[in-house]
Amino acid sequence: MPVEGPFILVNPERCLGCHTCELACAAAHTEAGSVIGAVLAGERLHPRNNVVQVEAQPDGGIVKLSTQCRQCEDAPCVRVCPTGATYRTETYTAVDQRLCIACRLCMMVCPFGAIHVATTTVAGREKRAAFKCDLCVDRPAGPACVEACPTRALSLRYPREVVQQSTRATAHQFLDALESQQRLASNP
Ligand code: SF4
Ligand code: SF4
């Protein structure tokens with residue numbers, strides 16, 4: 001039974017579209033641990049997130065934001081994978097690249113476009129395999145993208161916290177509305 005795990009939340013109001021998070025993500029998943037070190041060692045760079053620009057409605061302004069896996073609890077990529085390469089752990093939705101046959105089914109069903117297939121080295125052999133956000137679970141300092149973002153546009157959050165925050169915001173709005181109504185009623 002999947003449990004409620006964390007995910008990376010982006011605040012588009014803070015995102016500059018600078019791509020620092022992509023570089024940090026790619027570096028965090030290399031042996032060298034840095035972009036320059038990886039390039040010098042001939043390692044491939046594979047960011048698991050993707051910074052995009054979209055047109056905002058209704059004003060048509062441009063919104064920049066980092067997109068990555070939402071760590072779905074009932075993940076379509078897990079349901080569709082014919083080899084069991086994508087699976088749900090206690091906290092996130094993972095890919096075992098040793099089992100991946102690069103069929104792209106996970107890529108096609110992901111509602112967020114958060115999976116891509118690329119060439120990599122698995123157990124000393126070059127192959128194509130799926131890549132997705134793993135929340136940097138093997139990184140003691142936590143998600144590299146969150147740490148690197150210069151504007152703190154990204155955070156590691158639990159769905160419950162996000163709901164509580166929205167509930168608090170709605171409660172404040174309600175109290176503000178009530179207060180103005182009472183003010184109007186006492187000063188007609
Ligand atoms: S590092 Fe932060 S500000 Fe820059 S693109 Fe990523 S989320 Fe946006
Ligand atoms: S949490 Fe880690 S794996 Fe996921 S997008 Fe951020 S840096 Fe990449």
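Start at 1 and go down the list; that is how both ligands and their atoms are numbered. These figures come from a predicted structure and were not determined experimentally. Side-chain atoms are counted along with the backbone in the values below, which use heavy atoms only and exclude waters and symmetry mates.
- Close approach of ligand 1 to Thr151 is summarised as follows: ligand atoms under 4.0 Å from at least one heavy atom of the residue are 3 (S).
- Counting the atoms of ligand 1 from 1 in the order shown, those under 4.0 Å from a heavy atom of Leu154 are 7 (S).
- For ligand 2, the atoms closer than 4.0 angstrom to any heavy atom of Asn49 are 5 (S).
- Remark: Asp74 engages Arg79 in a salt bridge, criterion side-chain N to carboxylate O under 4.0 Å.
- Between Cys106 and Cys77, the shortest heavy-atom distance links the atoms CB-CB, 3.6 Å.
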Start with the C-alpha distance between Arg128 and Arg104, add both sets of side-chain angles, then the distance that settles side-chain contact (heavy atoms from CB on, under 4.5 Å), and finish with yes or no. CA-CA 10 Å; Arg128 305 271 295 165; Arg104 297 175 185 80; 3.8 Å; yes

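- Between Glu126 and Arg44 there is a salt bridge, since a side-chain N of the basic residue sits under 4.0 Å from a carboxylate O of the acidic one.
- Contact annotation: for His19 versus ligand 1, heavy atoms closer than 4.0 Å belong to the backbone alone.
- Looking at atom 8 (Fe) of ligand 1, its nearest protein heavy atom turns out to be Cys15 SG, 2.3 Å.
- When each atom of ligand 1 is checked for a heavy atom of Pro150 under 4.0 Å away, the hits are 1 (S).
- With respect to atom 6 (Fe) of ligand 1, the closest heavy atom belonging to the protein is Cys21 SG, 2.4 Å.
- Closest to atom 1 (S) of ligand 2 by heavy atom, among Ala144, Ala148, Pro47, Pro143, is Pro143.
- Residue contact annotation: His29 places no N/O/S atom under 2.8 Å from atom 2 (Fe) of ligand 2.
- Atom CZ of Arg139 is surrounded by more than 12 heavy atoms from other residues, nucleotides or ligands within 6.0 Å.
- Interface of Ile8 with ligand 2, defined as ligand atoms under 4.0 Å from a residue heavy atom, comprises 1 (S).
- Protein heavy atom at the shortest distance from atom 5 (S) of ligand 2 is Gln68 NE2, 3.3 Å.
- The closest approach between a heavy atom of Lys132 and any atom of ligand 2 is not below 4.0 Å.
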Would His29 and Asp134 count as a side chain to side chain donor-acceptor pair (under 3.5 Å) here? Give the steps. CA-CA 10 Å; His29 293 84; Asp134 60 6; 3.0 Å; yes

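- Proximity of Cys145 to ligand 1 is not established, as no heavy-atom distance is less than 4.0 Å.
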Ser66 vs Asn49, side chain to side chain donor-acceptor pair (under 3.5 Å): CA-CA, chis, key distance, verdict: CA-CA 7 Å; Ser66 167; Asn49 65 330; 3.1 Å; yes

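- Leu16 N, 3.2 Å is the protein heavy atom nearest to atom 3 (S) of ligand 1.
- Below 30°, between 30° and 60°, or above 60°: for His46 and His116 the angle between ring planes is between 30° and 60°, a tilted geometry.
- Within ligand 1, counting atoms from 1 as listed, the ones closer than 4.0 Å to a heavy atom of Gly17 are 5 (S), 8 (Fe).
- Distances below 4.0 Å separate heavy atoms of Val51 from the following atoms of ligand 1: 5 (S).
- Every atom of ligand 2 is numbered from 1 in the order shown, and the set under 4.0 Å from a heavy atom of Asp134 is 3 (S).
- Val10 does not count as a contact of ligand 1, since none of its heavy atoms falls under 4.0 Å from the ligand.
- At a threshold of 2.8 Å, atom 8 (Fe) of ligand 1 has no backbone or side-chain N, O or S atom of Cys149 nearer than that distance.
- In this structure, atom 2 (Fe) of ligand 2 lies nearest to the protein heavy atom Cys136 SG, 2.2 Å.
- Ranking the protein heavy atoms by distance from atom 4 (Fe) of ligand 1 puts Cys18 SG, 2.2 Å first.
- Close contacts between ligand 2 and Cys133 involve ligand atoms 1 (S), 3 (S), 4 (Fe), 5 (S) [criterion: under 4.0 Å to a heavy atom].
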